[in-house]
Amino acid sequence: MENNSNYKWKFSKIGGATRVNIETGEDIVHLPELDQKMWNVLSCPSKGLEFDEKTLEILDCDHDGKIRVKDIVETSKWLTSVIKNPDLLINHDSEIRLDCINQDNEEGKRLYNSAKQILDNLQLEKESISISDTSDSIAIFAKTKFNGDGIITENSTDDDNHKKLITYIIDCLGSIQDRSGQPGIDKDKIEQFYTECTNYYTWFTKSETDNLSIYPYGDKTEDALLAYNAIKEKVNDYFVRCKMVAFNKDTYNAMEIQLDKLTQITDENLSQNIEKVANYPLARVSEKIILPINQGINPAWENAFNNIKSLIFDIDFAGKQEISEKEWNSISAKFTPFIEWKNSKVGEIVEKIGVDNIKEIVINNQKDKLLELVEKDLSLKAESDDILSVDKLLHLYRDFHTFLRNFVTFTDFYDRKCQAIFQAGTLYIDQRSCDLCIKVSDMAAHNATAASSGMFLIYCDCESKVKNQKIQIVAALTDGEIDNIMVGKHAIFYDRQGCDWDATITKIIDNPISIRQAFWSPYHKFSNFVKEQITKFASSKDSKITEEAFGKISNAGDKLTEKPADGTTPIDATQPKQQAFDIAKYCGIFAAIGMALGMIGSAIASLISGFLELSPLKMCFAIIGIILLISGPSMLMAWMNLRKRNLSPLLNANGWAINAHTFVNILFGATFTKIAKFPTVGLTDPFAKKKSKLRFLWWGLFILAVVFLILYFNGLLSRLGLPYEGSPIQEFFKYISTPEAPVNAADSTNVAN
């Protein structure tokens, strides 16, 4: 057949649709010529498939999360141009001989040279290269100074100063991993480092030009500020207490140490409970509003006060015994320039390497030298990328044909020799295994389209303790019964790597499973209906009897509590009077029952008599006809639906764009579910329910009694001397069913007599 070119494609009929075959290297070469309408898939997600992730990333040429027809076409053109014999792609090998790389074009030549470079870097002497050789990029670039990634390490230079600078930058700004696996830096980190160093050095030199105003206490200014802040609030509290006493002397006792509270702790070891007096005033309050600085300080604050005294008071107030509030506030003003300078600090990210090193880095600027090393590394980008392209070649060399079998055609799915890339694993449940399991990426999309697949679907939440992950899957049940399948049922799911997951059914979409299941479906439904009705009837009767019993007990209790004084039993006016037995009413009931039994018996007798008049062959046909009448419609509908089961809605819900029917017919669908087959066991079960030896006798007697009554009521036993016509039973039923039957009480009494 010809299509868009002179190339003759081969086609096959599989899965209810005509599909093109991709069987040879020439098929892959001419793949760009294949009409897109004949592709099974137009796009699929690049993640979440049971396929090599690196290969999927390579196939997604524009990295948009979707692998489309144009991506496959571009990959096909590139791959078939860089190898000599495209038929090698059918072998799925993970190793390629170097002489199989096509050196007649420029790109193939670069790949050949890069492959040899990789082998040289790995110190391997062989004429072929494999995925295992190219997968470890760190080993490939371990001994290279420059590898084209724009990152330099200490090994990129022989200059000790440059090595030291690279170390400083990594310590301050962090590192970026080089292709060699070593920590390194790039252009942006070099620029940032020198900017931070310059800013910090400019900020720091300002303190040297304005040293006196910024450092009021010299090198100990920082310590002095810390000492001041440690006791600042306590000193301010002291002056406020003094002001209150100066304002009103009567407040002295309230502002001073309260002796009654102090007395409560005098029995304790105060050296171990010094914090209990920390809330007392810093010193003895005074209406003079002055703070003694040489004695009389609260013991809990003595260390902090001595610290500020040595750093500040001994310098500003040398020789003084006390200071005023004004003098105390003057200290804060001295720290203002220092605090403003500290708050304006920039470049503190590089402060850890020390001011002297920062000064040397700024003055002896080596930024341009480092940037030259980066540019030298980037100049080898093409050669280094070609080395990585060898890894791309090997992944496609091994996996491309397999992907085509799951994209252009669905060969792997219908072949059943291996699972398709969208099949996630196997679900074991209810003594069967289900191979058609697909990961659910979008539950909302599945809810919208999954029912149209026509398959019986089980949705499960799966959790793996080993991988510490949770996933959702949908499994197609294509054989067996469904009586024991219900939401909440537990199962085990095995992924493609053999890891087991705990699975729990969360949703079921009911569709026919098989013709056999459809045959028994009406009987199961009728059985379930009868059981349900019996259960409802028994439940309602039980509730009614219980309510009546409790009602009578309650009424009896009420009557006992309301017994008259004369000892007589009270009469409940609300209780309805018991009516006399109405024989006419019950005669009517008996008549109705008799008529119903007669009609049912007549119908059954007619069937039996008609059946007995048939020949043995016709009896067989009659039985088959009855069975088909019951099960036939269900089987016919199941057959029609099973032929149209379609996988496309499930894949569509996962983001696939399916371009052809993907039918799962009856025979093919049965291969996805395997039921356990046990051998015949002749041993007796010791725990089985003991069966009565007379059960067959009782069943036989019951059947004979039913047959006898049917034959008798229809006059078929007259030859045996048991006619129904004119018998007392017939006369009784005729009499009670006549319109002239008595209905009043008097007549009822006569009839009863």
Side-chain angles (χ1 to χ4, degrees), residues 52-58 63 82 93-101 103 106-193 366-367 369-399:
D52 186 82
E53 293 183 2
K54 183 66 176 294
T55 305
L56 292 174
E57 182 181 348
I58 293 170
H63 304 291
V82 296
D93 291 333
S94 59
E95 185 175 14
I96 185 173
R97 291 183 55 83
L98 297 184
D99 56 10
C100 293
I101 299 176
Q103 300 181 56
E106 187 63 29
E107 191 160 6
K109 187 181 297 184
R110 290 201 305 269
L111 285 171
Y112 177 84
N113 294 332
S114 298
K116 292 186 68 67
Q117 183 64 49
I118 291 173
L119 295 176
D120 290 341
N121 290 354
L122 297 175
Q123 298 179 351
L124 297 174
E125 296 182 2
K126 57 180 184 178
E127 296 302 320
S128 62
I129 190 168
S130 66
I131 289 181
S132 61
D133 298 331
T134 61
S135 61
D136 191 355
S137 61
I138 292 177
I140 295 172
F141 294 108
K143 298 181 179 180
T144 59
K145 284 187 175 182
F146 304 104
N147 45 45
D149 60 356
I151 300 171
I152 58 174
T153 67
E154 291 185 54
N155 296 330
S156 302
T157 178
D158 297 325
D159 190 299
D160 291 338
N161 289 328
H162 294 165
K163 289 179 181 288
K164 185 186 294 186
L165 282 171
I166 293 172
T167 302
Y168 284 156
I169 295 173
I170 291 175
D171 288 344
C172 296
L173 305 180
S175 65
I176 306 173
Q177 187 177 25
D178 183 66
R179 281 176 174 172
S180 64
Q182 299 297 319
I185 58 174
D186 60 1
K187 179 181 178 181
D188 292 338
K189 286 196 178 291
I190 294 172
E191 295 283 0
Q192 181 186 357
F193 178 75
Q366 296 290 309
K367 182 176 74 171
K369 296 294 184 181
L370 294 179
L371 293 177
E372 286 178 7
L373 293 176
V374 173
E375 291 299 324
K376 187 174 181 180
D377 187 88
L378 287 172
S379 65
L380 300 175
K381 185 177 188 304
E383 289 82 352
S384 299
D385 287 347
D386 286 339
I387 291 178
L388 297 179
S389 294
V390 177
D391 186 56
K392 170 184 175 181
L393 168 64
L394 286 167
H395 276 82
L396 293 176
Y397 184 75
R398 181 193 65 184
D399 298 334

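Note that the coordinates shown come from a computational prediction; the quantities given were computed from them, not determined experimentally. All heavy atoms count here, side chains included; hydrogens, waters and symmetry mates do not.
The environment of NZ in K126 is crowded: more than 12 heavy-atom neighbours from other residues, nucleotides or ligands sit within 6.0 Å. Other residues, nucleotides and ligands contribute over 12 non-hydrogen atoms within 6.0 Å of the CD atom of E191.
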Check step by step if side-chain contact (heavy atoms from CB on, under 4.5 Å) holds for V82 and Y112. CA-CA 9 Å; V82 296; Y112 177 84; over 6 Å; no
For K187 and L371: C-alpha separation, side-chain torsions, deciding distance, then whether side-chain contact (heavy atoms from CB on, under 4.5 Å) applies. CA-CA 6 Å; K187 179 181 178 181; L371 293 177; 3.7 Å; yes
For a side-chain contact (heavy atoms from CB on, under 4.5 Å) check, start with the C-alpha distance between N113 and E383, then their side-chain angles and the critical distance, and finish with the verdict. CA-CA 9 Å; N113 294 332; E383 289 82 352; over 6 Å; no
Give the intermediate values and the outcome of side-chain hydrogen bond (donor to acceptor under 3.5 Å, both in side chains) for residues N121 and Q117. CA-CA 6 Å; N121 290 354; Q117 183 64 49; 2.8 Å; yes
Show, in sequence, the C-alpha distance, side-chain angles and deciding distance for K369 and L165, and conclude whether the side-chain contact (heavy atoms from CB on, under 4.5 Å) test is met. CA-CA 11 Å; K369 296 294 184 181; L165 282 171; over 6 Å; no
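Here the shortest heavy-atom pairing between S94 and L394 reads O-CD2, 4.1 Å. Taking all atoms of both residues into account, the shortest heavy-atom contact from Q366 to H162 is OE1-NE2, 3.3 Å. The heavy-atom pair separating S132 from S135 by the smallest distance is O-OG, 3.2 Å. Scanning all heavy atoms of the two residues, the minimum distance from I129 to A115 falls at CD1-O, 3.9 Å. When every heavy atom of G148 is checked against every heavy atom of S384, the shortest pair comes out as N-OG, 3.5 Å.
For the side chain to side chain contact (heavy atoms under 4.5 Å, CB included) criterion with N147, the lone passing option out of I387, D178, I152, T153 is D178. For the side chain to side chain contact (heavy atoms under 4.5 Å, CB included) with D149, the lone residue among K381, R179, Q177 that qualifies is R179. Of the options I96, D133, I140, T134, a side chain to side chain contact (heavy atoms under 4.5 Å, CB included) to V390 is made by T134 and by none of the others.
A distance of 9.5 Å separates CG in D391 from CG in L396, rounded to the nearest 0.5 Å. Expressed to the nearest 0.5 Å, how far CG of L56 lies from NE2 of H395 amounts to 10.0 Å. Note that the CG atom of D52 and the CG atom of D399 stand 5.5 Å from one another [nearest 0.5 Å]. Note that CG of D93 and OG of S130 are 11.0 Å apart. Values are rounded to the nearest 0.5 Å. The structure places CD1 of I101 at 11.5 Å from CD of E107, a figure rounded to the nearest 0.5 Å. Between atom CD1 of residue I118 and atom CZ of residue F141 there is a gap of 7.0 Å, rounded to the nearest 0.5 Å.
For D377 (side chain) and G150 (main-chain N/O), a donor-acceptor pair under 3.5 Å exists by modelled atom type. In terms of modelled atom types and a separation under 3.5 Å, the side chain of K189 and the main chain of L173 share a donor-acceptor contact. Panel note: side chain S379, backbone K376; a donor-acceptor pair is recorded below 3.5 Å.
The side chain to side chain contact (heavy atoms under 4.5 Å, CB included) search around D120 returns none, not counting sequence neighbours.
Taking 4.0 Å as the cut-off between side-chain N and carboxylate O, D99 and R97 count as a salt-bridged pair.
The list of salt bridge (charged side-chain N to carboxylate O under 4.0 Å, His left out) pairs with a residue in residues 158-171, not counting sequence neighbours, reads K145-D158.
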